[in-house]
Amino acid sequence: MPVLTNPEVIRNVRAQLRVERMAIASAICAVLSLATGYSKYYQSLTFAGYASSRWGLDFLGLVVGAQVAVLMFGGGLAALMSIQREKEQNTFDYQRVTRLTPFELATGKLLGAPALMYFIALCLLPAAAVGAFAGHADLTFVLAGYAIMILGAVCIHALALLLSLFVDRGASPVGVVVILLFFWVSPILHVSGALRLGSLSPFVASTIVTQTSWAVDPTAARDQSLVFSTRSQMTDVLFGWPVHHFYVLVVIYLVFTAWFLLAVVRNVKRDPAVYEVFTPAQALGFALWINFIVLAFFPWRRSAPLLVHTTFLGLNAAVFYTLGIALLRSRDRTRRLRAAGARITAWLGLWPAPYIAAGLLLGGLVPVAVLQAIRNPDAPWDLGLGVFRAAFVSAWICRDVLFLQWMNLQRGGRPVRRGILYLAVFYICAAVVLTTLHVWFFDDPRGNATAAMVVPALVMGLGVEFWSAAWALWLVGLGVQVAVAGLFVVLQRSKLTELSAPVEVAPAAAAGSL
Amino acid sequence: MPSRTPTQAQVVAADRLNLNVPAGEVFGLVGPNGAGKTTALKMICGLLAPTAGRVTVHGIDVARAPEAAQGLIGYLADFFSLYDDLKVWEYLDYFAHAYKMPETAISGRIDETIRTVGLEVKREAFIAGLSRGMKQRLGIARAILHDPPVLVLDEPAVGLDPKSRVEFKALIKDFHRQGKTVFITSHLLADLEEMCTSVAILERGRVLRVGPLEQIIRGAGAGRRIRIKVSSPAFPLASWLSARSWVSNVTPDGGGVRFEFAGGETELASLVRALVLDGASVFAVEEAAETLEGVVSRLSTGEVG
């Protein structure tokens with residue numbers, strides 16, 4: 001079904017773009033454009049040294065920035081409210097029972113919900129055209145800027161739609177709005193401090209439209225400064241090669257949009273009781289995609305190898321911990337799987353550790369291989385230590401996730417939250433006790449290795465010296481993590497056996513055919 | 001129909017329902033609040049996934065081919081709202097396209113449906129300006145718009161005025177004549193008794209009784225419900241009746257007694273003759289007509305799931 005004939009797009013356009021509303025929006029945009037345009041033009045006349053054509057480019061950048069803001073904030077909020085409001089009003093079920101496919105419904109909401117915001121952005125287009133004409137802007141950059149604006153907005157809208165789908169009916173979307181605002185304005189979208197990558201914010205469109213050359217900065221690949229800043233801010237370093245930021249943004253926006261849309265399409269027509277963001281394989285793919293971005297744009301030679309490795313271990317610990325929690329199966333879900341014919345195999349009892357272990361080992365060992373290949377003989381580095389740290393983090397996260405999975409099979413409300421609370425209490429108490437007993441000495445290799453058995457995060461700070469001094473004790477620590485993980489596997493299997501027993505319910509008094 | 005076990009409250013909303021409803025039935029689901037009626041209807045529509053078992057509509061598995069099955073269903077929820085910022089015809093146009101009706105048929109079908117529910121004068125009106133009853137009619141219009149062979153109506157008469165309720169009942173009978181299958185719930189049991197050809201009585205997610213309406217009503221008690229009144233208060237009517245064969249469940253009722261009688265008309269005549277001969281001054285013998293409401297109130301404990 002083409003986008004323009006998608007009923008959900010048409011419904012949104014009809015509801016949002018009534019003639020009176022369009023007239024008011026157009027008038028406001030026209031007045032604002034005229035006032036801002038005249039202000040910029042007047043500055044060019046009154047300020048000495050302000051090039052006569054410069055006001056046009058400045059005006060163009062300002063208008064494009066305003067268009068991005070409208071699409072990001074207004075459109076994002078519209079997308080965020082779209083499904084949540086339908087659930088509140090009880091209209092969502094009516095959409096779910098139509099013959100619209102999940103893809104049609106999802107794309108209809110993605111492109112339809114921000115209809116008014118697209119119209120406002122359209123109303124600002126004449127002002128942008130005046131700025132581009134007066135500033136002699138390069139048409140290819142103007143088009144590139146608008147491409148980034150649209151793709152970036154769609155990407156944010158897809159994320160907002162996904163959050164909207166998963167917000168409980170009756171829940172306040174305020175928390176979700178805060179999360180979105182965090183994404184919009186946070187340094188996450190300005191990653192140049194950590195990666196050789198320019199800003200991921202769609203606001204970069206206002207910079208792109210004023211560019212004059214597609215040439216990349218050849219010095220960028222050699223730049224090892226703490227904060228990445230190329231001359232035009234339009235050069236990224238992909239596996240050591242300078243590439244134009246525009247192409248990188250296009251790929252990143254498209255791929256993230258595809259991931260978010262996939263999650264919405266998988267779930268939009270499902271019973272909320274069986275929502276599942278991704279299949280385990282898809283979730284693993286998503287986590288590896290995030291890893292790929294970091295791997296591709298990481299300044300490998302800027303820091304000491306162990307510090308680089310710690311960055312990846314930390315990133316993956318966070319990503320796979322989150323992934324592990326997302327993959328947890330409830331009692332209800334487990335019963336459904338049993339009813340669907342799943343047997344209590346070793347695989348089911350290990351859930352979801354194999355995915356977590358595979359992802360963490362891959363995410364931990366690939367950087368080890370890269371660091372080994374490009375190693376600097378003067379920097380402290382040990383291949384065995386790198387492999388051990390990857391294995392240790394993998395065992396630790398699996399241990400915690402297996403505990404949470406076992407908790408999730410318990411009776412009672414919100415077992416995962418209780419499990420996370422117990423873990424937090426355990427880690428805090430362990431840290432306090434170990435510190436009190438002076439086991440956890442920062443300058444004692446054996447104390448450090450012993451403490452890591454209960455507080456595995458200490459492995460993040462494990463260096464070559466401590467490893468050489470207490471490697472046997474660290475291996476015992478790894479064995480402890482594996483043994484505790486095994487204990488939770490046994491407990492989980494026992495719980496699964498209990499759940500597979502027939503439910504004690506008296507047979508229905510009557511049932512039958514007419 | 002399968003079981004469903006919501007996770008949070010650990011309540012079995014619909015437990016091992018096994019219903020096979022032939023095409024063309026007007027099938028009523030009856031029971032107290034929380035009996036599992038809405039859950040059952042939502043499972044038919046594919047809105048809720050059963051924990052175990054399957055639902056088929058015209059042979060199509062709702063879980064495996066939801067869009068195909070949902071194309072055969074018209075659904076009206078018990079509590080719903082509409083898109084207030086759309087006009088009446090725009091609302092129906094949206095759903096006509098969402099149900100992928102042939103483009104050429106849409107306009108005519110919208111007009112026909114609007115006429116069916118009596119909203120002709122409101123065709124160009126915004127939904128926000130409609131009364132509750134009109135919105136309910138528009139909801140019904142949406143459910144029947146794509147001419148589905150199966151209608152799933154959850155409390156459809158709520159909000160309708162008396163005249164509209166009469167029209168609505170006529171509409172359901174019309175659907176029955178057209179051979180459509182209608183699943184319907186309502187707390188207005190007298191209305192259901194008028195419309196339904198068969199019913200299921202649910203409580204705490206389980207089926208207490210299911211079958212043709214006539215059979216349910218006839219089969220609910222041991223026999224006829226009879227009331228006898230005598231003009232001599234000293235006569236021990238209840239104990240006299242309790243000692244007779246064919247008689248059960250004797251209960252005082254106003255100036256007389258009510259009881260269930262398993263015999264036929266000849267046996268009833270003999271009973272009355274014996275009563276008169278024993279000195280009772282009988283002045284009234286009535287057979288009380290059984291109703292769906294009476295059957296439900298006797299069978300159901302009113303417990304919610």
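The chains referred to below are lettered A, B, ... by the order of the sequence lines, with proteins before strands, and numbering in each begins at 1.
Scanning for salt bridge (charged side-chain N to carboxylate O under 4.0 Å, His left out) contacts around B:K135 gives B:D84, with sequence neighbours left out. By the side-chain contact (heavy atoms from CB on, under 4.5 Å) test, B:V158 is found to be paired with B:R132, B:E155, residues two or more places apart in sequence or in another chain being considered. Not counting sequence neighbours, the partners of B:H146 by the ring pair (Phe, Tyr, Trp, His ring centres under 6.0 Å) test are B:Y99.
Salt-bridge formation is detected for the pair B:D147/B:K180: a Lys NZ or Arg NE/NH1/NH2 atom is positioned less than 4.0 Å from an Asp or Glu carboxylate oxygen. We find that A:D93 and B:K42 are joined by a salt bridge, their nearest charged nitrogen and carboxylate oxygen being less than 4.0 Å apart. Salt-bridge annotation for B:K100 and B:E67: absent, with no side-chain N of the basic residue lying under 4.0 Å from a carboxylate O of the acidic one.
Note on B:G139, B:A96, B:A200, B:A98: by heavy-atom pairs under 4.5 Å with chain A, the leading option is B:A98. Among the candidates A:R14, A:R270, A:K269, the residue making the largest number of heavy-atom pairs closer than 4.5 Å to chain B is A:R14. Contact tally against chain B (heavy-atom pairs below 4.5 Å) for A:Q16, A:R18, A:Q95: the top residue is A:R18.
Around atom CZ of A:F103, no more than 12 heavy atoms belonging to other residues, nucleotides or ligands sit under 6.0 Å away.
For chain B, the nearby part of A:E86 is the side chain; its heavy atoms alone come within less than 4.5 Å. Of the atoms belonging to B:L76, heavy atoms from both backbone and side chain fall under 4.5 Å from chain A.
Contacts with chain A (heavy atom to heavy atom, under 4.5 Å) involve these residues of residues 68-75 of chain B, listed by number: B:Q70, B:G71, B:Y75.
Checking side-chain atoms of A:N12 against main-chain N and O of A:E8 turns up a donor-acceptor pair under 3.5 Å.
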